[in-house]
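Residue numbers begin at 1 in each chain, while the letters A, B, ... track the order of the sequences. Nothing here was measured: the structure is a model prediction, and the numbers come from that model.
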Amino acid sequence: DAGITQSPRHKVTETGTPVTLRCHQTENHRYMYWYRQDPGHGLRLIHYSYGVKDTDKGEVSDGYSVSRSKTEDFLLTLESATSSQTSVYFCAIKGAGSSGAEFFGPGTRLTVL
Amino acid sequence: QQQVKQSPQSLIVQKGGISIINCAYENTAFDYFPWYQQFPGKGPALLIAIRPDVSEKKEGRFTISFNKSAKQFSLHIMDSQPGDSATYFCAATRGLNSGYALNFGKGTSLLVTP
């Protein structure tokens, strides 16, 4: 699993509250990604990072922001959580010799009531 | 808009049989096509991948067949085992131009019966 951890692993929150999910890697990989997984949709890219302070949007970025102040940490923030953001969130990294996300974290199951 | 279309949505195969999952794409800028295996409660795991200059790649019981002119690629699992029961995702990326971000198919739930 290339030393990827996600926290928290489970979270229940209420509509309108801010939520921050953390992805931590121990391998110094440059590229990191946040995906959400929903039944019938597969995995969809939210945001990705190609270095410290370098980030870009994915196809479902509305309502989400990210930050990467250190190589090892990539944070995903739901600015004001909505029920449509109930999902399983996966962090992923691209290995140096790979051409796409090579390792995925264990996921965070988020429920917005 | 789904850039990678995957079929079937679900598949039941008997032990020892061949499982075949198909994917199609439109964007000719895609240059890397991986497959992922996901067990319940776990993150996806990279299974096998191919580039468009190769028509077939085999790793153990898993084979990717790639048809560039048809813009299709498929995963074949030979001698399928109950332990192969999982959800499989195909994906594609434009590489550096898109930050190596992956576009995923919607997934295929495979059940291998004893």
Side-chain angles (χ1 to χ4, degrees), chain A residues 1-7 9-10 21 23-25 29-51 54-61 66 68 74 87-109, chain B residues 1-10 21-25 27 29-54 57 64 66 73 86-109:
Chain A
D1 61 0
I4 305 176
T5 57
Q6 293 185 231
S7 59
R9 294 294 314 281
H10 301 271
L21 309 182
C23 177
H24 179 79
Q25 58 143 331
H29 292 296
R30 181 180 170 195
Y31 287 85
M32 298 183 75
Y33 308 86
W34 277 107
Y35 288 90
R36 61 177 289 175
Q37 183 173 28
D38 305 287
H41 288 278
L43 293 107
R44 293 178 292 174
L45 180 69
I46 305 171
H47 282 279
Y48 68 95
S49 169
Y50 48 97
D54 293 321
T55 65
D56 205 348
K57 296 180 180 180
E59 66 173 301
V60 290
S61 60
V66 289
R68 192 166 177 202
F74 192 29
S87 186
V88 180
Y89 291 85
F90 287 102
C91 174
I93 61 173
K94 184 186 91 63
S98 174
S99 298
E102 195 170 9
F103 303 106
F104 281 76
T108 294
R109 182 172 294 276
Chain B
Q1 179 181 347
Q2 199 83 19
Q3 296 200 47
V4 179
K5 291 182 167 54
Q6 183 172 347
S7 63
Q9 187 175 343
S10 62
I21 304 170
N22 301 300
C23 286
Y25 64 98
N27 191 340
F30 288 146
D31 65 359
Y32 178 72
F33 301 86
W35 285 88
Y36 293 84
Q37 179 188 57
Q38 185 180 31
F39 293 105
K42 303 292 186 183
L46 179 63
L47 193 60
I48 187 173
I50 199 168
R51 292 199 173 277
D53 54 347
V54 176
K57 184 175 182 180
I64 300 178
F66 190 87
F73 58 110
T87 301
Y88 292 81
F89 294 95
C90 62
T93 177
R94 292 187 289 119
L96 178 62
N97 291 335
S98 63
Y100 302 97
L102 291 164
N103 298 273
F104 283 88
K106 293 187 178 183
T108 296
S109 178

Quiz item: Given that the side chain runs from C-beta out, which part of B/Pro44 has a heavy atom under 4.5 Å from chain A: side chain, backbone, both or neither?
Solution: both

Quiz item: Picking from B/Gln38, B/Gln2, B/Lys42, which has the most non-hydrogen pairs under 4.5 angstrom with chain A?
Solution: B/Gln38

Quiz item: Which bit of A/Gln37 is near chain B, if near means a heavy-atom gap under 4.5 Å: side chain, backbone, both or neither?
Solution: side chain

Quiz item: Got a sec, which residues hit side-chain contact (heavy atoms from CB on, under 4.5 Å) with B/Ala92, two or more places apart in sequence or on another chain?
Solution: B/Val4, B/Phe30, B/Phe33

Quiz item: So what's closer than 4.5 Å to chain A heavy atoms on B/Thr87: side chain, backbone, both or neither?
Solution: neither

Exercise. Using non-hydrogen atoms and a 4.5 Å limit, figure out which bit of A/Leu43 sits close to chain B: side chain, backbone, both or neither.
Key: both

Quiz item: Contact part of B/Gln9 toward chain A, heavy-atom cut-off under 4.5 Å: side chain, backbone, both or neither?
Solution: neither

Self-check item: Full working for side chain to side chain contact (heavy atoms under 4.5 Å, CB included) between B/Leu102 and A/Tyr35
Solution: CA-CA 10 Å; B/Leu102 291 164; A/Tyr35 288 90; 3.4 Å; yes

Quiz item: Side chains of B/Tyr100 and A/Tyr48: does their closest heavy-atom pair fall under 4.5 Å?
Solution: no

Quiz prompt | Heavy-atom pair with the smallest gap, counting every atom of B/Leu96 and A/Tyr31 | solution = CD1-OH, 3.4 Å

Self-check item: side chain to side chain contact (heavy atoms under 4.5 Å, CB included) between B/Gln3 and A/Glu59, worked out
Solution: CA-CA 11 Å; B/Gln3 296 200 47; A/Glu59 66 173 301; over 6 Å; no

Quiz prompt | Interface moiety of B/Ala45 toward chain A, non-hydrogen atoms closer than 4.5 Å | solution = neither

